[in-house]
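Report on one structure; see the data block that follows.
Reminder, nothing fancy here: chain letters follow the sequence lines and each chain counts from 1. Hydrogens, waters and symmetry mates play no part in the numbers below; they use all other heavy atoms, side chains included.
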Protein chains: 2
Amino acid sequence: MDRRIKKSQDAIMNALISLMAEKEFEKITINEIADCANVNRGTVYFHYMDKYHILDCCIESHLEQLGEGCFPVEGTVAIDSKTSLLRTFQLMEKNADLYTTLLTNKGLPAFRNRLQEIMIEGIHKQIVDNNINLKVHKDILAQFLTSATVGVIEWWIIGSMPYSAEDITEQLWTLLELNQMIPVHIVKID
Amino acid sequence: MDRRIKKSQDAIMNALISLMAEKEFEKITINEIADCANVNRGTVYFHYMDKYHILDCCIESHLEQLGEGCFPVEGTVAIDSKTSLLRTFQLMEKNADLYTTLLTNKGLPAFRNRLQEIMIEGIHKQIVDNNINLKVHKDILAQFLTSATVGVIEWWIIGSMPYSAEDITEQLWTLLELNQMIPVHIVKID
DNA sequence: TGTAATTTGTTGAAAAAGCAACAAAAGTAA
DNA sequence: TTACTTTTGTTGCTTTTTCAACAAATTACA
């Protein structure tokens, strides 16, 4: 890719993020974004339809980075191993400001939703791979586990990471394991 | 000025400085500079003749900034007041890494020389303005005072600023005052 | 020494970015 | 509401930047 494209897009997306840290997304104008990115307004329109499009690309870009950094399996942010989960927490810890902004800006569950969407793909595979004999429907369990996980992640990052990445991983992993096992135990007891 | 020009030039000059912090100027190639600046090699040649030209521009640019930040009188880096001197030390303290690099890179007295050149202009005016009745020729005194001052600045910045900007200013100012007075006293004693 | 690998300048064509100007839309305030 | 200001998209044109390719010069090294 032409290095000018990457430079401009990076500048524009970073500008949006840094503006979102200061003010509500709806109150941000294309002019401000262009100024903050030190880029001509025309350049913004050259790459993006509107600010919602920029936000989408921001989210995808950072989810992609999160995926690359944390998971060998491409295209999925899944909980397919304990160390993957740990790496996820560590990467979010490192860019806490960024993710806090993406998660807390008023009236914008976009990032949260996308994170959950992608995670649910991964967890489906995970459940299949583990060949767990379930009494609970797979889709229900998947929804249950991803909601729980995303919820914990969100709570942890917004609350200024009250535990270390290692601790939170350990605790969450225990819960995830427990919840994947419960159906098996029930079967055994029967 | 087209914002692309400023962006490219800034990137290229910063690249040179950061490379100079790592290795000898003579061993730096245009390729490295372009890579480090994240700019096409052609862009470097579009703005500069060669790496010496880049270095010149770096030096001028930072001397200009030093002048703007420190002296109301434009175009001169002069010791025309105690607070000006203090501001000079403070600005250099703030960008100590940069100035250390410019002053210490092997076999490159370019910055030092330019600093002295500019300072000598200012000190000439200073001497005239003060209407000091001198037994010593003006040009000799100017050379004497600028050499001394630049020497102290260089020693201070390279030696990791062993005194605060305030302290070094106070001490140096005392010496400068003394040396401008000496001829006067001699006259009086006579 | 001689050969290979880098670096250097330069070129031309294509893409991106800049800028100014514009009408339309949206927001503000009297 | 009406005026006024700002923002929004869009357009045409210019400049900068990129990229790839090239021969010449320099450097590395066997």
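Residue A:Met1 contributes atom CE, which lies 10 Å from atom P of C:dA16 at whole-angstrom precision. Regarding A:Ile5, its CD1 atom lies at a distance of 7 Å from the C1' atom of C:dA16, rounded to whole Å.
Listed by residue number, the members of residues 39-55 of chain B with any heavy atom below 4.0 angstrom from DNA chain D are B:Val39, B:Asn40, B:Arg41, B:Thr43, B:Phe46, B:His47. Scanning residues 9-38 of chain B for heavy-atom distances under 4.0 Å to DNA chain C yields B:Thr29, B:Ile30, B:Asn31.
Of the N and O atoms on the side chains of A:Thr174 and A:Glu170, not one donor lies less than 3.5 Å from an acceptor on the other residue.
With a 4.5 Å cut-off on side-chain heavy atoms, B:Met13 and B:Tyr48 count as touching.
The side chain to side chain donor-acceptor pair (under 3.5 Å) search around A:Gln171 returns none, not counting sequence neighbours.
As judged by a 4.0 angstrom heavy-atom cut-off over every strand, B:Lys7 is placed among residues touching the sugar-phosphate backbone only.
B:Ser18 places a side-chain N or O within donor-acceptor distance of the main-chain N or O of B:Ala15, the cut-off being under 3.5 Å. Not a single donor-acceptor pair under 3.5 Å links the side chain of B:Lys51 to the backbone N or O of B:Ile33.
Here the shortest heavy-atom pairing between A:Ile30 and A:Asp50 reads CD1-C, 4.3 Å.
Judged by atom type and distance alone, A:Arg4 does not reach the base of D:dT18 through any side-chain donor-acceptor pair under 3.5 Å.
Dashed line: the shortest gap from a side-chain N or O of B:Ser8 to OP1 or OP2 of D:dT17 is under 4.0 Å.
Under the 30°/60° scheme for interplanar angles, the aromatic rings of A:Trp156 and A:Phe89 are found to stand perpendicular.
Here A:Arg112 contributes atom CZ and A:Ile153 contributes atom CD1; the two are 10.0 Å apart, rounded to the nearest 0.5 Å.
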